[in-house]
Protein chains: 2
Amino acid sequence: MNIIISNSSSEPIYEQIKKEIKQAIYSNELKEEEILPSVRVMANDLKISFLTVKKAYDELEAEGFIKTVQGKGSYVLPKNLELLREEKLKEIEKNISTIVKLSKIYGITEEEVVNLIRIMFEEDL
Amino acid sequence: MNIIISNSSSEPIYEQIKKEIKQAIYSNELKEEEILPSVRVMANDLKISFLTVKKAYDELEAEGFIKTVQGKGSYVLPKNLELLREEKLKEIEKNISTIVKLSKIYGITEEEVVNLIRIMFEEDL
DNA sequence: CGAACTGTTATATTTAATATATAACAGTAT
DNA sequence: ATACTGTTATATATTAAATATAACAGTTCG
């Protein structure tokens, strides 16, 4: 479990932690049943408050990705890859919706957008 | 000048105002040299503080879209459509970058994304 | 059992961004 | 002059995020 957070990011720390854990679950870096670092250990590693880590874990549990048991810790639930993929697909759709709205207002064509997509997809393989 | 703001939006009111004015400038609803509502008038209309409107106007001026003169008011600068378009293009690129990153991690293909784009472009013409 | 881990909860504080209220001041137009 | 403009300063309120600290509770293991 290798979490990297940015203190200066506008994105809240607990959100950054959530994202990285989801990604680790998806990429199988974190396997089913695997125990996550305890809130205090991770807080210590990241030099942040354990309450911030707890917030991330609480939300990950509410979203069905991990399970926390008092006294024991938090572990990765039988992962629902489809769930994760769907969640991200929704995020992508939201971004696309923003793009389409902006494009229509500011006279950017469908082809221009598609070209950008294609170019950026090829980059940094 | 017809500004609509949402009190419940997570987007700051001054940002909403900025966006709507930029859009109005782009669509020529607000023409070159046209006087914007005074900060107090708009604040009154929207039932918000004039300081919030001032913040929006100040930033619009810093970004080169309007000009404010003490005692007179704020008016639309000779508009630089290209500037606006470029600004929005950057916003779009940022969104695309997010999309591409997510897609690569979560196994969503270029074609899937392009299809979504095409579908959403056709919708709500 | 007891020590050393886990997580939980409550309280209080800090910081930054947003938004507000109010009052006083300054420029412009008529 | 008056009535608009914008400007500035001060103070306050709200919210989200993050923190610090202390006390409490469950689990594990020697």
Side-chain angles (χ1 to χ4, degrees), chain A residues 1 3-22 25 30-77, chain B residues 1 3-22 25 30-77:
Chain A
M1 192 61 296
I3 303 275
I4 298 165
I5 57 170
S6 160
N7 204 11
S8 58
S9 164
S10 71
E11 188 172 39
I13 296 172
Y14 74 90
E15 286 288 358
Q16 295 179 47
I17 294 173
K18 282 176 64 183
K19 262 195 196 166
E20 298 209 36
I21 290 180
K22 282 184 191 177
I25 292 175
L30 277 175
K31 297 178 216 322
E32 198 174 315
E33 303 285 322
E34 187 164 339
I35 301 290
L36 291 167
S38 82
V39 288
R40 285 179 223 255
V41 165
M42 181 176 293
N44 228 47
D45 288 353
L46 301 178
K47 317 283 181 214
I48 59 177
S49 163
F50 79 87
L51 292 169
T52 305
V53 180
K54 185 176 188 329
K55 179 162 189 180
Y57 281 18
D58 283 350
E59 294 199 0
L60 284 168
E61 178 163 30
E63 291 172 25
F65 295 109
I66 68 175
K67 169 86 181 153
T68 296
V69 179
Q70 187 173 356
K72 291 177 118 170
S74 304
Y75 54 93
V76 178
L77 283 180
Chain B
M1 191 60 297
I3 302 275
I4 296 165
I5 57 170
S6 161
N7 202 11
S8 58
S9 165
S10 70
E11 189 173 35
I13 296 172
Y14 73 90
E15 286 287 359
Q16 295 179 46
I17 295 173
K18 281 177 65 183
K19 263 195 196 168
E20 298 208 36
I21 290 180
K22 282 185 191 177
I25 292 176
L30 276 176
K31 297 177 216 323
E32 199 174 315
E33 303 285 322
E34 186 164 339
I35 300 291
L36 291 166
S38 83
V39 289
R40 285 178 224 254
V41 164
M42 180 175 292
N44 228 48
D45 288 354
L46 301 178
K47 317 283 181 215
I48 59 177
S49 162
F50 78 87
L51 292 168
T52 305
V53 180
K54 185 176 189 331
K55 178 161 190 181
Y57 281 19
D58 282 351
E59 294 199 359
L60 285 169
E61 178 162 30
E63 291 171 25
F65 296 109
I66 68 175
K67 169 85 181 155
T68 296
V69 178
Q70 187 172 356
K72 291 178 120 171
S74 303
Y75 55 94
V76 179
L77 283 181

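No hydrogens, no waters, no symmetry mates; every other heavy atom, side chains included, goes into these values. Each chain gets a letter, A, B and so on, in the order its sequence line appears, and its residues count up from 1.
Within the 4.0 Å cut-off from OP1 or OP2 of C:dT6, not a single side-chain nitrogen or oxygen of A:Ser74 is found.
Between A:Leu60 and A:Lys22, some side-chain heavy-atom pair lies under the 4.5 Å cut-off. Under the 4.5 Å side-chain criterion, counting only non-hydrogen atoms from C-beta, A:Ile17 is in contact with A:Ile48. Two residues are said to be in side-chain contact when any heavy atoms from C-beta on lie closer than 4.5 Å; B:Ser38 and B:Tyr57 fail this criterion. Side-chain contact between B:Leu30 and B:Ile66 is absent, with no heavy atoms from C-beta onward closer than 4.5 Å. When side chains are defined from C-beta on, B:Gln16 counts as touching B:Ser6, because their heavy atoms get closer than 4.5 Å. When side chains are defined from C-beta on, A:Ile21 does not count as touching A:Phe65, because their heavy atoms never get closer than 4.5 Å.
You can see that DNA chain D meets the heavy atoms of chain A within a 4.0 Å-exclusive cut from D:dA17 to D:dT28, reading 5' to 3'.
Scanning all heavy atoms of the two residues, the minimum distance from A:Leu77 to A:Gly64 falls at CD1-O, 3.5 Å.
The stretch residues 60-73 of chain B comes close to DNA chain C through B:Gln70, B:Gly71, B:Lys72, each having a heavy atom under 4.0 Å from the strand. Contacts between residues 33-41 of chain A and DNA chain C, defined by a heavy-atom separation below 4.0 Å, involve A:Ser38, A:Val39, A:Arg40, A:Val41, listed by number.
One atom, CD1 of B:Ile48, and another, P of C:dT20, lie 6 Å apart when rounded to the nearest Å. As a whole-Å value, the separation of B:Ile13 CD1 from C:dA17 P is 17 Å. B:Lys55 places its NZ atom 13 Å from the C1' atom of C:dT20, with the value rounded to the nearest Å. The separation between A:Met42 atom CE and C:dC5 atom P is 18 Å, rounded to whole Å. Counting to the nearest Å, the P atom of C:dT18 and the CG atom of B:Asn7 are 15 Å from each other.
Put simply, the residue from A:Ile5, A:Ile13, A:Asn7, A:Ile4 that forms a side chain to side chain contact (heavy atoms under 4.5 Å, CB included) with A:Leu46 is A:Ile5.
Residue contacts shown for A:Lys54 include a base, since a base heavy atom lies under 4.0 Å away. Contact annotation for A:Phe50: base contact, defined as any heavy-atom pair under 4.0 Å involving a base atom.
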